[in-house]
Amino acid sequence: MNLSNTTQPVNVVVSGAGGNIAYSLLWRIASGDVWGLERAINLTLLEIPDAVRVAEGVAMELADSAFPLLSSINVSDSAEQAFDGVNAAFLVGAKPRGKGESREDLLEANGRIFTEQGRALNAGAARDVRVLVVGNPANTNAYIASKAAPDIAGEHFNAMMRLDHNRAASQLAGKLGVPVGDLDGLVVWGNHSDTQFPDIEYLRAGGHRLTERVDRQWYVDEFIGRVAKRGAEIIDVRGSSSAASAASAAVDHMHDWVNGTGGRWTTVALPSTGEYGVDPGLVFGFPTVGLNGRFSVVEGLELSEFQRERIERNIAALRAEAAVADSLF
């Protein structure tokens with residue numbers, strides 16, 4: 001079912017609904033920023049038992065906002081109940097890394113969460129559900145959820161790298177003096193981690209290539225690393241994480257998944273089918289276009305040694321994470 005072309009209410013679940021990202025995200029969903037101003041929404045806020053009361057307070061505020069599109073608001077601590085009949089899920093809730101924890105520890109802790117949610121989605125979700133994993137480590141959490149939902153096609157599980165894409169686009173627009181909305185041909189390959197590779201080889205605006213206008217030393221020595229570490233930079237400056245921009249990126253991602261990109265490129269982390277030498281099944285950031293309710297990888301790009309080396313670094317990192325994830329099943 002193409003959700004953009006029906007008047008039925010869309011059933012939407014947001015996990016981690018009592019957290020800061022969800023607090024910015026839920027109002028955007030309820031106001032019609034994803035499915036449009038004529039689409040009613042049944043919204044379920046999913047939280048762990050200890051945080052249900054917080055989610056209930058958020059639900060009260062949503063109700064007080066009197067959104068015309070909001071048909072119903074429910075709060076649940078049961079993944080099985082929340083995902084019954086769901087059409088779209090934003091999986092925001094995840095365990096943050098504790099002091100002294102390794103990335104492997106984090107993967108194991110979140111593996112249990114996303115295995116449970118994947119199984120619940122498999123049991124009750126619409127077969128064409130759109131699942132966007134926001135909670136980190138997002139790529140491998142999406143890998144785990146998809147593996148736990150064998151009856152749902154892998155392409156229905158995405159990890160959010162739109163925030164990385166938006167950060168890269170904003171910095172490039174400022175550097176080049178080009179409106180950010182004019183940029184196209186940008187991609188952030190790989191993993192939502194320090195290894196990610198924002199690639200400007202195909203960057204253009206108004207049909208004109210912009211790659212040659214970017215100072216190469218700035219690009220290699222500053223830009224690539226700064227995009228990857230932008231979240232830490234914001235925490236250092238602001239004193240808290242970049243919740244609002246993450247929520248905005250989640251809205252952008254789901255909007256383009258539903259409505260398409262009009263031929264423009266965006267970055268989506270989705271299960272590989274072997275494109276560009278990426279192991280099948282790894283949830284990897286690719287250049288994509290959205291059309292007819294699905295994302296498709298832009299194929300046939302010629303890669304330089306510089307690009308290939310950085311893509312391979314991400315393949316290796318995600319391969320190692322997948323090995324940890326596989327041990328959980």
Side-chain angles (χ1 to χ4, degrees), residues 1-3 6 8-19 21-22 25-26 29 34-35 41-49 51-52 55 72-95 107-161 192 250-251 253-254 257-258 268-273 281-284 293-295 321-322 325-326 328-329:
M1 178 174 63
N2 186 341
L3 295 177
T6 177
Q8 284 184 274
V10 57
N11 300 320
V12 181
V13 175
V14 176
S15 75
I21 294 176
L25 173 62
L26 288 162
I29 295 171
V34 177
W35 285 275
I41 294 167
N42 297 322
L43 189 57
T44 297
L45 314 188
L46 177 62
E47 258 298 359
I48 60 174
V52 161
S72 66
I73 312 169
N74 296 292
V75 178
S76 179
D77 63 2
S78 166
E80 290 78 10
Q81 293 178 8
F83 293 135
D84 186 26
V86 66
N87 302 118
F90 295 82
L91 303 188
V92 179
K95 181 187 179 297
L107 283 167
E108 290 178 355
N110 279 294
R112 292 186 288 272
I113 296 169
F114 286 89
T115 298
E116 176 189 352
Q117 293 185 351
R119 288 171 177 163
L121 285 160
N122 196 64
R127 296 299 89 171
D128 58 354
V129 65
R130 295 180 173 94
V131 181
L132 175 59
V133 177
V134 178
N136 289 318
N139 295 58
T140 300
N141 286 343
Y143 172 88
I144 292 167
S146 177
K147 190 167 184 177
D151 298 326
I152 300 174
E155 69 180 72
H156 294 280
F157 289 83
N158 289 181
M160 192 180 79
M161 290 186 65
H192 178 64
V251 167
H253 183 121
M254 191 66 78
W257 202 349
V258 172
V268 173
L270 46 71
S272 167
T273 58
L282 292 183
V283 177
F284 200 88
R294 66 187 300 268
F295 285 122
E321 291 186 13
D326 289 341
L328 303 175
F329 289 88

Keeping S78 on the side-chain end and Q81 on the backbone end, is there a donor-acceptor pair under 3.5 Å? yes
Open item on the list: With a 3.5 Å distance limit and no angle check, can you tell me whether R130 reaches the backbone of N158 through a side-chain donor-acceptor pair?
Closed with: no
Contacts of H156 meeting side-chain contact (heavy atoms from CB on, under 4.5 Å) (sequence neighbours excluded), chain-then-number -> D128, I152, A153
V14 side chain near L26 side chain, heavy-atom distance below 4.5 Å:
yes
By side-chain contact (heavy atoms from CB on, under 4.5 Å), T115 pairs with (sequence neighbours left out) R119, I144, A148, F329
Residues at least two apart in sequence or cross-chain that pass side-chain contact (heavy atoms from CB on, under 4.5 Å) with T273, listed by chain then number, are E275
Donor-acceptor check, side chain of D77 to backbone of I48, threshold 3.5 angstrom: yes or no? no
Walk me through it: do W35 and I29 pass the test side chain to side chain contact (heavy atoms under 4.5 Å, CB included)?
CA-CA 8 Å; W35 285 275; I29 295 171; 4.2 Å; yes
Nearest heavy-atom contact between L45 and A17 is CB-CB, 3.4 Å
(request) Would you confirm whether N42, through its side chain, and I73, through its main-chain N or O, come within 3.5 Å as a donor-acceptor pair? (result) no
Rounded to the nearest 0.5 Å, the CD atom of E80 sits from the CG atom of L121 at a distance of 10.0 Å
Closest heavy-atom pair, A322 versus L282, reported as atoms and distance to 0.1 Å, is CB-CD2, 3.7 Å
Distance col, row H192:NE2 vs N139:CG, nearest 0.5 angstrom, shows 8.0 Å
In short, A138 meets A159 closest at the heavy-atom pair O-CB, 3.5 Å
Do the side chain of S272 and the main chain of G281 share a donor and acceptor less than 3.5 angstrom apart?
no
Separation between CG (L270) and CZ (F157), nearest 0.5 Å, reads 13.0 Å
Can you find a pair of side-chain heavy atoms, one from M254 and one from L132, that are under 4.5 Å apart?
-> yes
Value for CG (N141) from CD (E321), rounded to nearest 0.5 Å, stands at 9.0 Å
inquiry  = Taking the ring centre of each residue, are H253 and F90 less than 6.0 Å apart?
reply    = no
With sequence neighbours left out, the residues meeting salt bridge (Lys or Arg N to Asp or Glu O under 4.0 Å) with E47 are none
F83 meets the ring pair (Phe, Tyr, Trp, His ring centres under 6.0 Å) criterion, sequence neighbours left out, with none
Indicate yes or no: at least one non-hydrogen side-chain atom of N74 is less than 4.5 angstrom from one of S72. yes
For P271, the side-chain contact (heavy atoms from CB on, under 4.5 Å) test, sequence neighbours excluded, returns V283
Is the backbone N or O of K95 less than 3.5 Å from a side-chain atom of N110, with the two atoms forming a donor-acceptor pair by type?
yes
All heavy atoms of A94 vs all of G135, minimum pair found to be CB-CA, 3.7 Å
Pair V86, T44 - check side chain to side chain contact (heavy atoms under 4.5 Å, CB included), show working. CA-CA 9 Å; V86 66; T44 297; over 6 Å; no
- Side chains of P150 and N122: does their closest heavy-atom pair fall under 4.5 Å? yes
For A22 and G16, the nearest pair of non-hydrogen atoms, with its separation, is CB-O, 3.4 Å
### Task
Could you check if a side-chain atom of L91 sits within less than 4.5 angstrom of a side-chain atom of F114, using non-hydrogen atoms only?
yes
Does V92 offer a backbone N or O that forms a donor-acceptor pair with the side chain of S15 under 3.5 Å?
yes
Task: Beyond-backbone contact of V12 with N87, side-chain heavy atoms, under 4.5 angstrom - done: no
Shortest non-hydrogen pair, A149 vs G118, comes out as CB-O, 3.4 Å
